[in-house]
Protein chains: 2
Amino acid sequence: MLTERQLLILQVIIDDFILTAQPVGSRSISKKDVVTFSSATIRNEMADLEEMGFIEKTHSSSGRVPSEKGYRFYVDHLLSPLSLSNDEIRTIRDAFDDKMLEFERVVQKSAGILSDLTNYTSIILGPEVFETRLKQLQIVPLSAQSAIAILVTNTGHVEHRAFNIPVEILSEDLEKMVNILNSRLQGVPLVKLHEKLHTEISDLLEKHTQHHEKAFSYLKAALMDEHSTKLYIGGKTNILRQPEFRDLEKVRSLYATIEKENEMADLLRSEEEGIHVKIGQENSFDAMQNCSLITASYTLGDDQVGTIALLGPTRMEYNRMFSLMNVLSKHMTNTFRGWY
Amino acid sequence: MLTERQLLILQVIIDDFILTAQPVGSRSISKKDVVTFSSATIRNEMADLEEMGFIEKTHSSSGRVPSEKGYRFYVDHLLSPLSLSNDEIRTIRDAFDDKMLEFERVVQKSAGILSDLTNYTSIILGPEVFETRLKQLQIVPLSAQSAIAILVTNTGHVEHRAFNIPVEILSEDLEKMVNILNSRLQGVPLVKLHEKLHTEISDLLEKHTQHHEKAFSYLKAALMDEHSTKLYIGGKTNILRQPEFRDLEKVRSLYATIEKENEMADLLRSEEEGIHVKIGQENSFDAMQNCSLITASYTLGDDQVGTIALLGPTRMEYNRMFSLMNVLSKHMTNTFRGWY
DNA sequence: ATTTAGCACTCAGTTAAAGCGAGTGCTAAC
DNA sequence: GTTAGCACTCGCTTTAACTGAGTGCTAAAT
């Protein structure tokens, strides 16, 4: 177990390193006024802390740098909650002040705020689509040969897709069909739309002419695209600000990782509710070796959970980040509350 | 005026530098088998070319590097048209093979292809919205208090916006209003929508109850957002591949410039039809000092003109880029042909 | 038994000097 | 007009010396 003094020293080292990104030496620790003992004593303690694996040297005669184990301990035990500055509070409040009524806008804005306030890269994952249901289907004819199918969900999400109208189909037929589909499919969860379409199709075909078959297949193709959960990313170029990413190769590989939308989404999805951190190696991706990923959950409606995440170097201002993400996720949840 | 030999030497220097990014020396030029004369002769000629401002030294005893004037001359007079490789042709053809019916998709895909094929950053500007007209307005009620306004244009573009329904308004009223608006506004150019709304408003108010006023103002707010021409950017991170952007500060400032959507859009908009290059200083932005911007126009419908652009270091493979952008813009124009 | 002062040692980083090599400009011969 | 030859330039790379922040260890002080 760590003594009080070791705890203090570890805290000072990590705080200092987070601020300066420079290895911390015994002398600079002894200069802090919370520290009353000499640099020699600190050196002894540091040797112990190093043996226990909380800190490391970058070379034999360098100051100490937190190890991942050190960060983990820091996050778990040494984090003093930090209250946000007035500026930060104001920024967030103002952003949520003007009534936003669309999920996309809220999320986009949140991602922007988070990355601006932190200088890291923010990633927001929408909630699972399990619960999203079809609200209405609409067809807007553009010309004799083409039309746009518009799909509106109960969450206010709108998807649309242009498609060709086979020549033999009249616009009244199309309209009739949409009416039927609407009456049958309203309230159906999007994920079940495909299967439902298949079961409904037989009814429709019996009742109507063969022309419907073709129009229907077109319409289906138009609507059955991906309803995948999208990732919203903010402050991508902030990565370039971090001294640990001086190396372009690292930046490149990190970008490559972030851009794998599916894998990123899976990663975020797998997080539990509440605020969590994955430090360095705890992240599965190689390119994230020197990164920490802080995740927090927000709630949309009663039970749909989404994730906001912050990607930065392991040397992050964890306590400020925690406060920020906490406040932001609450704002998001509040904004969404009672929407559906 | 330049002699044949000087032209040849200039050509070889620029071709070589484009390939290697290294200053080109007289000896390496003399080794090419199109070159029959000795390095000493070449040195003399290079001295002349330098005096005329077509090439430069990076230091007193270095090989030569093309100056911006050199690039300009090269682009204007020395460019041998290059036919694309089969791979490139296939990539483009395949991409345009599956019938895309939405402007956004086509443009997004084109930007992707262009940046993938070139390893530079592609920027595509949509056509002016002058001609875009309202096709249909629709309201989908989500709940008693909220609804989504959907606006479809004759170009198949869909915009939507959620808005609150004031308590005193019934959904029938809303519906009635949308019907009226549709009958009045169909075919109105989007840019005139705002003014038109103001002239129509008096009619409406006379004919109907005061409640409409409030609903109308909400609806108006929902629809009157920006219909600004969007920029589609592809291969942003390709910038990092270029050796001239080893310096993170340059990358940062270039990103900052690109992300100023409005200024970028203005820049592209100001280009004339056809293919053009702006080399280095010819670009107004400071951050683009070492960059060239190649622009090409495409046509949508009969007269709406948009711009595709390629941003890279001045040391670009101009001839390949010209061919690519030529082919791509034609493909785009073809795809759009007869849509509206 | 801790704590601390003192000192030898380590090592990244900086500076300075030396050597290398790609390239030039000039001159004199072809 | 062209070319071979040669002295010269200058960015790079290597090597060596120096600096300074920092360590570990020992012995004295508390």
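Only this structure's heavy atoms are used, side chains among them; waters, hydrogens and symmetry mates stay out. Numbers restart at 1 for each chain; the letters A, B, ... are given by sequence-line order, proteins then strands.
- When heavy atoms are screened at a 4.0 angstrom cut-off, Ser62(A) is found touching the sugar-phosphate backbone but no base atom.
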With side chain to side chain contact (heavy atoms under 4.5 Å, CB included) as the test, would you mind laying out the steps for Met316(B) and Ile18(B) before giving the verdict? CA-CA 6 Å; Met316(B) 274 175 117; Ile18(B) 284 175; over 6 Å; no
Please step through side chain to side chain contact (heavy atoms under 4.5 Å, CB included) for the pair Phe322(A) and Val277(A), ending with a clear verdict. CA-CA 9 Å; Phe322(A) 279 6; Val277(A) 201; 3.2 Å; yes
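- The residue among Val24(B) and His59(B) whose nearest nucleotide of DNA chain C is located toward the 5' end is His59(B).
- As a whole-Å value, the separation of Ile29(B) CD1 from dT3(D) P is 14 Å.
- Distances shorter than 4.0 Å separate none of the side-chain N or O atoms of Ser38(A) from OP1 or OP2 on dT3(C).
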What do the steps show when you test Thr121(B) against Thr237(B) for side chain to side chain contact (heavy atoms under 4.5 Å, CB included), and what is the final call? CA-CA 8 Å; Thr121(B) 298; Thr237(B) 54; over 6 Å; no
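- Atom pair Met46(B):CE and dC26(C):P shows a separation of 13 Å (rounding to whole Å applied).
- Going from atom CG of Asp16(A) over to atom P of dA21(D) covers 15 Å, rounded to whole Å.
- A salt bridge links Glu45(A) with Arg5(A): at least one charged nitrogen is closer than 4.0 Å to a carboxylate oxygen.
- The NZ-C1' distance, from Lys57(B) to dG11(D), rounds to 14 Å in whole Å.
- Regarding contacts with the backbone of dA22(C), every side-chain N or O of Arg64(B) stays at 4.0 angstrom or more from both OP1 and OP2.
- Residues Ser60(B) and Phe37(B) each lie close to DNA chain D; by heavy-atom proximity, the contact nearer the 5' end of the strand is made by Phe37(B).
- Comparing Arg5(B) and Ser26(A) by the nucleotide of DNA chain D whose heavy atom lies nearest to each, the residue mapping closer to the 5' end is Arg5(B).
- Side-chain proximity of Ser61(B) to dT10(C), dC10(D), dT23(D): nearest is dC10(D).
- Here the nucleotide nearest the side chain of Ala40(B), chosen from dT23(D), dG25(C), dT3(D), is dT3(D).
- Taking atom NZ of residue Lys31(B) and atom P of nucleotide dG23(C), one finds them 8 Å apart after rounding to whole Å.
- For Arg43(A), the listed nucleotide lying nearest its side chain is dG6(C); candidates were dG6(C), dG5(D), dT3(D).
- The CG atom of Asp48(B) sits 14 Å away from the C1' atom of dT24(C) (whole-angstrom rounding).
- Contact annotation: Thr41(B) side-chain N/O to dT2(D) OP1/OP2 distance is not under 4.0 Å.
- Atom CZ of Phe17(A) is separated from atom C1' of dA21(D) by 16 Å (rounded to the nearest Å).
- Between Arg27(B) atom CZ and dA4(D) atom P the separation is 11 Å, expressed in whole Å.
- Under the 30°/60° scheme for interplanar angles, the aromatic rings of His77(B) and Phe73(B) are found to be tilted.
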